[in-house]
Amino acid sequence: MWSGPRTVSTALMRAWENRPDTAVVDEPLYAFYLARTGIDHPGRDEIIASMPNDWRVVADQLTRGPVPGGKAVFYAKHMTHHLLPEVDRRALAPLRHAHLIRDPAELLASYAKVRSAPTMADLGIAAQAEIYEEFGGPVLDSRDLLEHPEPMLRALCAALDVPFDAAMLSWPPGPRDSDGVWGPHWYAGVWASTGFGRYRPPAGPLPPHLAALAEACRPYYEQLHAHRLTAAAVP
């Protein structure tokens with residue numbers, strides 16, 4: 001599942017993890033991304049120490065290693081900007097790919113609360129369009145998911161040929177062993193949650209510098225949005 005930041009991606013990971021047939025892995029390319037770019041994120045050293053920082057090792061674990069716990073479904077939550085150009089896309093070809101998107105103005109209104117001067121690269125929206133062009137796969141808009149959780153999860157499961165499980169609709173609060181070590185910096189909302197929250201539009205307009213960035217992102221978002229799942233996609 002490819003997404004940018006602040007797209008309810010961790011809540012969607014929770015939904016899948018709450019299925020008894022599913023194992024999840026949280027942003028397995030994060031250490032690689034930090035080690036290669038030198039970017040300073042909260043908990044950087046701990047993140048790099050917590051997982052492989054060679055993309056080849058990660059790709060092997062995702063495509064060749066056993067599924068943790070012998071589960072039938074292996075769900076990987078990925079940030080699109082972690083997929084740096086040096087990663088051989090062919091190594092990811094054996095996987096099923098899906099995409100979680102969010103309107104860039106709404107995404108930036110949320111992301112600016114934790115990073116005041118984000119860039120296009122931070123948001124990964126251009127990378128997501130490239131990944132979609134390479135691999136295709138179902139597209140889920142986060143607003144649709146929040147407004148209609150069950151129909152959209154049913155549509156996503158149908159598109160992936162996985163039976164829907166009502167356990168995806170709610171989960172116990174608190175952290176999980178599967179959460180990345182960066183959880184204390186980013187996951188407070190998810191840890192307090194027991195299901196998908198209500199959709200809430202931004203409280204006000206974006207500052208001018210963020211509004212310009214949102215407009216630069218919009219063509220990529222619209223490209224993906226045109227292919228998004230709808231509740232009508234449920235068989």
Side-chain angles (χ1 to χ4, degrees), residues 1-13 26-48 50-51 53 55 76-87 98-134 139-146 179-191 193 197 199-225 228:
M1 181 62 70
W2 297 100
S3 72
R6 317 306 282 184
T7 54
V8 303
S9 59
T10 309
L12 185 56
M13 180 178 73
D26 192 6
E27 300 183 29
L29 288 168
Y30 198 178
F32 157 72
Y33 168 78
L34 292 177
R36 295 297 291 167
T37 63
I39 289 175
D40 186 19
H41 277 196
R44 169 189 162 83
D45 292 342
E46 187 180 7
I47 294 166
I48 291 174
S50 72
M51 59 174 63
N53 60 24
W55 69 263
K77 170 194 164 195
H78 287 286
M79 293 289 104
T80 55
H81 55 285
H82 294 173
L83 192 67
L84 298 176
E86 70 187 77
V87 177
H99 310 268
L100 179 63
I101 61 173
R102 186 179 184 185
D103 182 281
E106 297 185 6
L107 186 157
L108 279 164
S110 175
Y111 193 62
K113 296 174 183 177
V114 291
R115 297 195 72 184
S116 60
T119 66
M120 176 83 82
D122 291 329
L123 306 180
I125 185 67
Q128 190 164 23
E130 178 238 319
I131 295 165
Y132 180 81
E133 287 296 316
E134 180 81 19
V139 179
L140 184 63
D141 191 286
S142 62
R143 177 172 178 173
D144 294 334
L145 177 60
L146 293 178
D179 291 343
V181 297
W182 52 91
H185 303 285
W186 299 91
Y187 290 176
V190 170
W191 287 352
S193 73
Y199 168 73
R200 292 183 175 87
L206 288 172
H209 72 289
L210 293 180
L213 179 56
E215 287 310 301
C217 293
R218 188 157 299 280
Y220 300 106
Y221 168 77
E222 295 291 350
Q223 176 186 344
L224 291 157
H225 188 262
R228 80 190 192 283

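This one's a predicted model, so the numbers in the text were calculated from it and none came from an experiment. In this chain, numbering begins with 1 at the start of the sequence shown.
At least one side-chain heavy atom of Trp186 sits under 4.5 Å from a side-chain heavy atom of Arg6. Residues Phe32 and Val87 meet the side-chain proximity criterion, which asks for heavy atoms closer than 4.5 Å. The shortest side-chain heavy-atom distance between Cys217 and Leu123 falls under the 4.5 Å cut-off. Looking only at side-chain heavy atoms (C-beta outward), Ile125 and Leu224 come within less than 4.5 Å of each other. Here the side chains of Trp191 and Thr10 are not in contact, with every heavy-atom distance at 4.5 Å or above. Here the side chains of Leu108 and Pro118 are in contact, with some heavy-atom distance below 4.5 Å. Taking the side chain as every heavy atom from C-beta outward, Val8 and Ser3 never approach each other to under 4.5 Å.
To the nearest 0.5 angstrom, Leu213 atom CG is 9.0 Å from Leu206 atom CG. In this structure, OG on Ser142 lies 7.0 Å from CD on Glu106, to the nearest 0.5 angstrom. Here the CG-CD distance, from Leu84 to Glu86, works out to 6.0 Å after rounding to the nearest 0.5 Å. Ser9 OG to Ile101 CD1: the interatomic distance, rounded to the nearest 0.5 Å, is 13.5 Å. Distance check: Gln223 CD to Arg218 CZ gives 14.0 Å after rounding to the nearest 0.5 Å. In this structure, His185 NE2 and Ile47 CD1 are separated by 7.0 Å, a value rounded to the nearest 0.5 Å.
For Tyr220, the ring-ring contact (aromatic ring centres under 6.0 Å, His included) test picks out no residue, with sequence neighbours left out. Legend: residues meeting ring-ring contact (aromatic ring centres under 6.0 Å, His included) with His209, ordered by chain and number and at least two apart, are absent.
The two residues Ala117 and Asp122 come nearest to each other via the heavy atoms O-OD2, 4.4 Å. The heavy-atom pair separating Tyr187 from Gly180 by the smallest distance is CE1-N, 4.4 Å. Minimum interatomic distance between Pro5 and His81 (heavy atoms only, all atoms of both residues): CD-CE1, 4.1 Å. Nearest heavy-atom pair, Arg143 versus Asp141, reported as atom, atom and distance to 0.1 Å: N-OD1, 2.9 Å.
Checking each of Leu100, Asp26, Leu12 against Lys77 for a side chain to side chain contact (heavy atoms under 4.5 Å, CB included) leaves exactly one that passes, namely Asp26. In summary, of the residues considered (Thr7, Ile131, Thr80), a side chain to side chain contact (heavy atoms under 4.5 Å, CB included) with His99 occurs for Ile131 alone.
Ring geometry for Trp182 against Tyr30 counts as perpendicular: the plane angle is over 60°, on a 0 to 90° scale with 30° as the lower cut.
Remark: the Tyr33 side chain and the Trp55 side chain contain no N/O donor-acceptor pair separated by less than 3.5 Å.
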* Begin from the C-alpha positions of Tyr221 and Leu107 and carry the test side-chain contact (heavy atoms from CB on, under 4.5 Å) through to its verdict. => CA-CA 11 Å; Tyr221 168 77; Leu107 186 157; over 6 Å; no

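Classification of Asp144 and Arg228 as a salt-bridged pair holds, one side-chain N sitting under 4.0 Å from a carboxylate O.
More than 12 heavy-atom neighbours from other residues, nucleotides or ligands sit within 6.0 angstrom of CZ on Arg44.
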